[in-house]
Amino acid sequence: MTEKKIRNIAIIAHVDHGKTTLVDQLLRQSGVFRANEQIQERVMDSNDLERERGITILSKNTSVQYQDYRVNIVDTPGHADFGGEVERILQMVDGVLLLVDAFEGCMPQTRFVLRKALELNKVPVVVVNKVDRPGARPLEVVDETLELFMDLGASAEQLDFPIVYASAREGCSGLEPDKLKENMQPLFETIINSIPAPNGDSDKPLQILFSTIDYDDYVGRIGIGRIIRGRAARNQPVRIVGGDVPRDARLARLYRFDGLKRVETESAEAGDIIAVAGITDLMVGETACCPDVVEELPFIKIDEPTVTMMFMVNDSPFAGREGKYVTSRNLRERLFKEVETNISMRIEETDSTDTFKVSGRGELHLSILIETMRRQEYEFAVSKPRAIFRRDEAGRVLEPIEELTVDVPQEYVGAVMEGLGRRKADLQDMKNDTEGSVRLVFLIPARGLMGYRSELLTSTRGNGVMSHVFYGYEPYRGEIPERERGSLICHETGETTSYGLFNTQERGRLFVGPGTPVYEGQVIGECSRNEDIVVNVCKKKHVTNMRASGSDEALRLTPYTQLSLEQCLEFIADDELVEVTPASIRMRKKLLTKEQRIKQANKSR
């Protein structure tokens with residue numbers, strides 16, 4: 001296949017605007033699946049966590065055949081926390097499909113991913129998706145998108161972008177919003193005609209830039225990248241540069257993408273996206289060159305992390321009961337292995353051999369790592385997430401600022417603005433919607449966002465929708481009030497009883513039910529006051545021979561709240577930890593006994 005018959009594209013968009021569903025339809029309509037094949041929805045979201053949450057976490061490669069053309073497609077995550085995946089993937093492609101929801105319009109992550117694509121001079125194609133959705137306003141959304149392009153300083157060529165209207169779920173597309181064909185042919189034709197063929201001379205010495213690392217149980221580490229120039233052949237000797245130490249290697253196996261499969265091939269030419277096995281300890285951003293002409297390729301600068309937290313060995317009374325990997329050596333190996341492929345994450349060792357400082361792009365970025373490790377049977381504890389501060393040349397403290405977009409019904413605008421005002425947010429824009437909804441845009445410190453999602457749902461009675469993206473560093477905005485309520489702390493190790501919980505529930509909101517094993521210092525609820533209270537939830541009723549009428553009536557327990565991992569990370573205070581095991585997520589005080597906590601409080605006075 002000649003270079004002119006290849007197209008390399010990435011699909012970029014805000015979360016939940018239909019990227020993975022669109023890839024599904026492109027795969028279906030290009031004949032990748034048999035007519036009688038059972039296909040699950042969002043087939044590219046192959047990871048259990050991605051399926052459960054309905055989001056894309058890792059970028060993935062696929063390829064479809066349209067007429068004589070091979071279209072290499074990269075599906076990317078929509079969450080700002082996984083922006084590092086999008087940034088490095090843009091190195092592999094020549095153009096991008098920018099998906100925009102016909103109802104929601106341009107959202108924060110749309111701006112983020114588009115800015116990165118325009119900076120790298122990628123050719124954009126705008127796809128207005130979900131045009132069949134009730135309340136869709138495709139023509140207005142195109143105007144918003146054009147304004148966004150102009151705001152981001154797009155060139156005259158980039159402003160002349162082609163537009164395709166589509167309903168990815170129904171498999172329809174067209175060049176007019178009210179004239180959709182029953183297939184994706186208009187989109188395929190636009191890709192072929194608008195996205196340039198990859199440039200690169202196949203007769204020059206080889207250069208491959210690796211943007212992603214995958215792993216296979218049989219062949220080991222697999223590097224995925226683009227051939228910038230030259231021709232790659234199986235078993236070809238190469239020189240690896242761009243990492244710590246230049247070294248020689250061999251391209252033991254070459255694969256290209258065909259639908260959802262990797263197909264082994266003998267050779268590949270400039271412009272193609274391939275997978276290579278046989279290069280041990282290959283890292284993202286390294287270049288494979290011809291040994292005679294060693295020229296390193298520049299790799300895109302990935303934005304720095306903005307949030308950090310401590311991962312530590314679990315030392316609670318229940319340590320080692322539920323996890324398989326519990327030691328500091330296990331934890332260290334796993335964390336440093338993560339950094340090899342997750343390039344927007346940083347790991348640092350601390351003074352303690354049991355504690356590691358992990359920095360990422362946001363709470364979700366870190367919580368996905370925690371959840372993944374938990375499912376791999378690791379047991380550990382984590383601290384409260386903290387924003388990463390910097391200093392400028394003048395010595396002023398700078399903090400990360402996020403651009404926050406909140407969509408709420410009109411009647412809740414006051415409550416939202418009051419809540420965000422306390423968190424040092426500045427209102428930037430306010431737009432009324434025809435449906436009685438209001439879109440508010442704020443600039444808010446990253447630390448002010450921590451724990452805000454649950455507050456938003458409470459203040460808007462579940463009607464508020466928020467999304468945010470990193471904006472930049474600005475001068476420190478002052479103290480932000482922390483959690484307004486204290487914790488209910490378990491008095492002793494044992495098993496919770498209905499009698500003990502019944503006497504405790506009037507003190508606040510419970511996080512455990514009857515018959516749950518607990519230990520001294522564990523956080524078992526939220527106190528109704530602004531103080532920590534030690535409670536005895538293991539207390540049993542003393543049995544006597546005397547009976548009084550009414551005293552043995554059934555105890556009515558208020559249903560307890562079961563917190564998710566993200567809710568636990570939002571809830572904990574500075575002196576608390578989240579204990580993560582394969583079977584449980586618990587919250588606890590760093591100092592388990594009341595005496596230790598009193599001593600610590602007296603010292604810090």
Side-chain angles (χ1 to χ4, degrees), residues 6 8 10 44 46-47 57-63 72-77 82 84-94 198 200 202 205-258 260-291 293-302 336-345:
I6 297 174
N8 297 324
M44 292 291 281
S46 50
N47 174 318
I57 295 169
L58 301 169
S59 53
K60 300 177 195 68
N61 296 64
T62 185
S63 171
N72 289 317
I73 302 171
V74 189
D75 184 23
T76 64
F82 308 114
E85 291 279 322
V86 183
E87 290 171 78
R88 67 183 184 188
I89 284 313
L90 289 173
Q91 294 279 83
M92 285 204 283
V93 298
D94 302 293
S202 297
L206 176 68
Q207 268 187 329
I208 309 172
L209 179 63
F210 293 103
S211 300
T212 309
I213 300 293
D214 201 355
Y215 188 81
D216 184 273
D217 290 336
Y218 298 101
V219 296
R221 213 168 171 76
I222 295 176
I224 299 169
R226 173 173 167 166
I227 303 177
I228 305 298
R229 69 177 190 207
R231 192 177 274 107
R234 189 174 171 180
N235 281 326
Q236 181 176 346
V238 290
R239 182 86 169 152
I240 306 296
V241 291
D244 297 333
V245 182
R247 58 203 182 279
D248 292 316
R250 192 174 288 275
L251 307 179
R253 292 189 180 187
L254 287 183
Y255 303 89
R256 61 179 174 76
F257 295 92
D258 185 5
L260 298 174
K261 301 189 291 288
R262 278 198 290 255
V263 179
E264 205 163 333
T265 182
E266 289 298 317
S267 65
E269 298 192 345
D272 211 349
I273 293 175
I274 60 165
V276 175
I279 306 174
T280 54
D281 56 25
L282 180 69
M283 302 292 281
V284 168
E286 290 190 319
T287 309
C289 310
C290 174
V293 184
V294 178
E295 293 175 12
E296 183 184 332
L297 287 164
F299 192 63
I300 188 170
K301 182 180 180 296
I302 302 294
F336 279 95
K337 185 182 176 187
E338 181 69 22
V339 192
E340 292 177 7
T341 54
N342 196 338
I343 56 172
S344 50
M345 194 169 272

Looking at every non-hydrogen atom in both residues, tell me the closest pair between [X] and [Y] and how far apart they are.
| X | Y | answer |
| --- | --- | --- |
| Val293 | Pro205 | CG2-CG, 3.6 Å |
| Ala252 | Gly278 | CB-CA, 3.8 Å |
| Ala277 | Ile222 | CB-CG1, 4.3 Å |
| Ala232 | Ile227 | CB-CD1, 3.9 Å |

Would you call [X] and [Y] a side-chain contact if the rule is heavy atoms closer than 4.5 Å?
| X | Y | answer |
| --- | --- | --- |
| Met92 | Thr212 | yes |
| Ile73 | Ser63 | no |
| Ile274 | Ile208 | yes |
| Gln236 | Arg250 | no |
| Asp248 | Ile240 | no |
| Leu206 | Arg229 | no |
| Ile273 | Phe257 | yes |
| Pro198 | Asn8 | yes |

(Q) If I take atom OG from residue Ser267 and atom CZ from residue Arg231, how far apart are they, to the nearest 0.5 angstrom? (A)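 It comes to 7.0 Å.
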
Salt-bridged, [X] to [Y], with N to O below 4.0 Å?
| X | Y | value |
| --- | --- | --- |
| Asp94 | Arg226 | yes |
| Glu286 | Arg247 | yes |
| Glu264 | Arg256 | no |

Q.
Could you walk me through whether Val241 and Cys289 satisfy the side chain to side chain contact (heavy atoms under 4.5 Å, CB included) test, starting with their C-alpha distance in whole Å, then the side-chain angles of each, then the deciding distance to 0.1 Å, before giving a yes or no?
A. CA-CA 8 Å; Val241 291; Cys289 310; 3.8 Å; yes

Q: Determine the sole option in Leu297, Thr287, Ile279 for which the side chain to side chain contact (heavy atoms under 4.5 Å, CB included) test with Phe210 is passed.
A: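 The passing option is Ile279.
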
**Q.** Expected output: side-chain Glu266 to main-chain Arg234 donor-acceptor under 3.5 Å
**A.**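 Side chain of Glu266 to backbone of Arg234: no pair is present.
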
Q | Test side chain to side chain contact (heavy atoms under 4.5 Å, CB included) applied to Leu251 and Val238, step by step | A | CA-CA 7 Å; Leu251 307 179; Val238 290; 4.0 Å; yes

